[in-house]
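Below: one structure, written as C-alpha cells.
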Amino acid sequence: MTGAQWVVEALHKQGVETVFGYPGGAIMPVYDALYDGGVEHILCRHEQGAAMAAIGYARASGRPGVCLATSGPGATNLVTGLADAMMDSVPVVAITGQVASPLIGTDAFQEIDVLGLSLACTKHSFLVTDPAELTTTLAQAFEIAQSGRPGPVLVDIAKDVQQALIPHTETQVRTANADPVDNQALEKANALIRTSERPMVYLGGGVILGKATQALRDYLDRSQLPVVSTLKGLGTVEANYPYYLGMLGMHGTKAANLAVQASDLLIVIGARFDDRVTGKLDTFAPHANVVHLDIDAAEINKLRRAQAPVCAPLNQVLPALACPDTSPVWRAQITEWQTTHAWRYDHPGEAIYAPALLKHLSDSMPASTVVATDVGQHQMWVAQHVRPSQPENLLTSAGLGTMGFGLPAAMGAKVARPEDEVVLVSGDGSFMMNVQELGTLKRRGIGVKIILLDNQRLGMVRQWQQLFFEQRYSETDLSDNPDFLTLARAFDIPGHSIQRKDEVEDALNTLMAHQGPYLLHVAIDEMENVWPLVPPGAANQQMMEQDL
C-alpha cells in the first residue's frame, strides 16, 4: 500500500471512526486514500475548527481525537488547537502533510517547520521522511497521546512518503507501564489525613484524565470530606453530594474559597495549583499541609511544596487513601458557609439575568447533556450555575482560554455522542471567532443547540476595564455586531431572540425540543459582571462582591 493508505489503515487499527480536517496539496494523497477508506471525514471550514472539533470529540468520548491539515498555513492554523489540547491534557493526534523530502529546508511553496513550531504545544512531535518509519510512528503517536498524562501529538508526513509504496510490517510499540504506588509515600499521606482536623479535597481535571471519576466518588462516599473543584474538574462530584462547595479560585464560590483558606490539609487530586485557582500563591491555604496525588511528577512541588506527594495513577491511589475522623465542628462550618453564601437568583427588573437562565437550563436539561462554552463571562457563569452530571459533559477551554473554542468543540462532541444533547453557551465576542463552522453544522446536520449571550461587549475584558482600568473601555464595544439570527439563517439554521426574563422558559423548551442545529439569541445587560471576583494580587478570601 502507499504511505497514505497506511495512514488510513493506522486509523482503523486505532479504532478511529471519524476525523476532522481540511485538504490541501501536501496532504492530498491522504485525502485520496480517505475517499473510499472507510473512515468518516468531517470537513471543517478552518483548520483551527478541525483541531477544536477533535478536542471536543476526545473530551466528550474519552477516545483520541484526530485532525488533518496540509503543510504551511494549514499546519500553522492547527497550532492554537494543539496548544489548547496541551494545556488541558487532551489526547489529540494531528496529521499534517509536509512538502516532499528533497524540498524540506528550501523555502518551498507552503513549507514551514511544523516540527519546530509544534515543540512548545505538543506532548511529542514527529517528522516522517523515511517510508520505513511511517507505520511505527503512527502507532507511537496514538500510544503517547493516550498514555500517562494525555496530550496532543503531531505527525508531519512528507508528501513523497505518503506516495511511496510501503510493504506490510508488524508494528510493535513498547507500552510504558506505570510505576507501582510507593507505599511509603502513601503511608505518609495517610498519616497526614488521619491527623487532620479541617481537611479539604481539592480536585482537578486529572481525575477524568485518569478515568478515576468513580474511584473519586467512592472515596468521597467513604470519607464524607468537603470538596472543591477546579474548572476542569466540574462534574466529577455527584450532584447530591452534601459537602460539595463548587468551584474555587478567581470566580469560585465564596464558600469554596473560605473553606480552602481555613483548612489544615489539602488533599490535591489531579490538580496543579493554577494561578486562577490560588490567587496570590503565598497566601493560598496558608495553614494547610498538602497531600498531592498526580500522575505527572513535573506537577509535584512545581508551585506549592507537598508534605506528602504521591506520584501514581489515581485509580491505584484512591482506593488505598485513608479517611480522616473529621470534626463535627468543621462539617457544621462547611454547611454554614454553603447556606450563607448560596447563589441568589432574585435579580431585579425585566431583563434576562444570565445566571438564572443557566440555572434553569441546568435544572431542566437531560443528565446526559453535554454543555460546551467559549471563553469569557458566559464561561464563568456556566461554571458557577450549570451542574454537569459527569466531567466529560462540560467542555471548556480552561488552561489556554481560547475564544472560538466552543462551536467547533460542541460540534466534535455531537459527532462523538449523536444520541446526547449538546448545548453550546457562547458570547457574542467568542462566537465570531469560529463562526464559519456554522457551515459544517449545516452540511452535516449536526444538531448543536446554541445559546448566544449577547451583551454587545467583550464582557470579561470590559469588566476588568471597569474595575481596574478606570473605566477606560478600549476596544471592547461590539455594538456593531451582525444580526445573529440573520447570520444563522444564511446557514439554514433557525433561531429565536429573547430580551425579557419571562421569555426564558418557553425559549429554552423550544431550543431543547428542536431537531437539528438551533440558535437562541439572548440579549443581556452590557454592564452585568461576574461575581464574586478575586482581584489580581489578592488572597482568595479577599473577594469582591456585587453590591445588592
Side-chain angles (χ1 to χ4, degrees), residues 56 60 235 345 347 350-374 376-379 381-389 393-396 405-428 430-432 434-435 437-442 444-455 481-525 528:
Y345 298 101
H347 191 264
E350 296 302 314
I352 294 170
Y353 183 46
L357 179 147
L358 294 169
K359 177 65 163 56
H360 188 100
L361 171 70
S362 182
D363 290 344
S364 60
M365 68 188 187
S368 60
T369 302
V370 177
V371 176
T373 83
D374 269 295
Q377 288 180 313
H378 68 276
Q379 177 191 32
W381 283 324
V382 167
Q384 293 172 337
H385 305 288
V386 172
R387 191 76 187 270
S389 63
N393 288 355
L394 179 62
L395 310 181
T396 194
F405 172 87
L407 178 56
M411 187 170 71
K414 185 63 176 177
V415 171
R417 292 165 54 181
E419 301 305 315
D420 293 331
E421 296 288 0
V422 176
V423 177
L424 165 64
V425 180
S426 188
D428 50 315
S430 285
F431 189 64
M432 292 295 288
N434 270 318
V435 69
E437 298 308 330
L438 291 177
T440 310
L441 296 188
K442 171 188 174 181
R444 301 303 293 257
I446 301 171
V448 172
K449 314 293 178 64
I450 303 166
I451 298 175
L452 180 57
L453 300 179
D454 182 4
N455 57 10
N481 276 330
D483 181 324
F484 287 109
L485 292 184
T486 300
L487 181 63
R489 282 195 295 270
F491 291 95
D492 296 333
I493 295 173
H496 183 61
S497 185
I498 58 174
Q499 301 181 63
R500 301 189 319 274
K501 61 177 60 173
D502 61 3
E503 300 175 290
V504 166
E505 184 173 0
D506 287 345
L508 288 178
N509 290 339
T510 301
L511 172 84
M512 298 303 290
H514 184 78
Q515 299 299 310
Y518 189 93
L519 173 67
L520 175 60
H521 174 261
V522 182
I524 62 172
D525 187 344
E528 198 70 64

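Note that the coordinates shown come from a computational prediction; the quantities given were computed from them, not determined experimentally. The residues of the chain are indexed from 1 along the displayed sequence.
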Any donor and acceptor pair, going by atom type alone, linking the side chain of [X] with main-chain N or O of [Y] inside 3.5 Å?
X    : Y    : value
K414 : L441 : no
S426 : D374 : no
E421 : K449 : no

How many angstroms lie between [atom1] in [X] and [atom2] in [Y], if you round to the nearest 0.5 Å?
X    : Y    : atom1 : atom2 : answer
D363 : H385 : CG    : NE2   : 12.0 Å
D454 : I524 : CG    : CD1   : 7.5 Å
M411 : L438 : CE    : CG    : 9.5 Å
H521 : T486 : NE2   : OG1   : 10.5 Å
N434 : F405 : CG    : CZ    : 11.0 Å
L519 : I493 : CG    : CD1   : 8.0 Å

Within the structure provided, determine whether [X] and [Y] are in side-chain contact (heavy-atom separation under 4.5 Å).
X    : Y    : result
S368 : E419 : no
I451 : L357 : yes
Y518 : T510 : yes
N481 : F431 : no
M432 : D428 : no
M512 : S364 : no

Query raised in the report: In a check of side-chain contact (heavy atoms from CB on, under 4.5 Å) between L395 and each of V371, V422, V370, L424, which one passes?
Result: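 Among the candidates, only V370 passes.
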
Query - Residue from L520, L358, V522, I450 passing side-chain contact (heavy atoms from CB on, under 4.5 Å) with V425 - result: L358

Testing the basics here: between [X] and [Y], what is the closest heavy-atom pair and its distance to 0.1 Å?
X    : Y    : value
P355 : Y345 : O-CE2, 3.6 Å
P366 : T369 : O-OG1, 2.8 Å
A367 : S389 : O-OG, 2.6 Å
L394 : P388 : CB-CG, 4.0 Å
A372 : G406 : CB-O, 4.1 Å

Report task. Under the side-chain contact (heavy atoms from CB on, under 4.5 Å) rule, what do V415 and R444 come out as? Steps first, then yes or no, please. Result -> CA-CA 10 Å; V415 171; R444 301 303 293 257; over 6 Å; no

Requested in this report: Check step by step if side-chain contact (heavy atoms from CB on, under 4.5 Å) holds for V386 and M365.
Outcome: CA-CA 10 Å; V386 172; M365 68 188 187; 3.9 Å; yes

Requested in this report: Under the ring-ring contact (aromatic ring centres under 6.0 Å, His included) rule, collect the residues that match up with F491, sequence neighbours excluded.
Outcome: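 Testing F491 for ring-ring contact (aromatic ring centres under 6.0 Å, His included), a comparison that skips the adjacent residues, returns none.
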
Query raised in the report: I446 and E437: side-chain contact (heavy atoms from CB on, under 4.5 Å), yes or no, with the steps?
Result: CA-CA 11 Å; I446 301 171; E437 298 308 330; over 6 Å; no

Query - With sequence neighbours excluded, residues passing side chain to side chain donor-acceptor pair (under 3.5 Å) with T373 - result: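 T396.
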
Cut-off 3.5 Å, no hydrogens considered: what does the side-chain donor-acceptor table look like for residues 498-509, sequence neighbours left out?
from	atom 1	to	atom 2	distance (Å)
R500	NE	D502	OD1	3.1
R500	NH2	D502	OD1	3.3
K501	NZ	H347	O	2.6
K501	NZ	G349	O	2.8
E503	OE1	Q499	N	2.8
E503	OE1	R500	N	2.8
N509	ND2	E505	O	3.3

Report task. Please report the C-alpha distance between H378 and S430 in whole Å, then the side-chain angles of each, then the deciding distance to 0.1 Å, and finally whether the side-chain contact (heavy atoms from CB on, under 4.5 Å) criterion is met. Result -> CA-CA 10 Å; H378 68 276; S430 285; 4.1 Å; yes

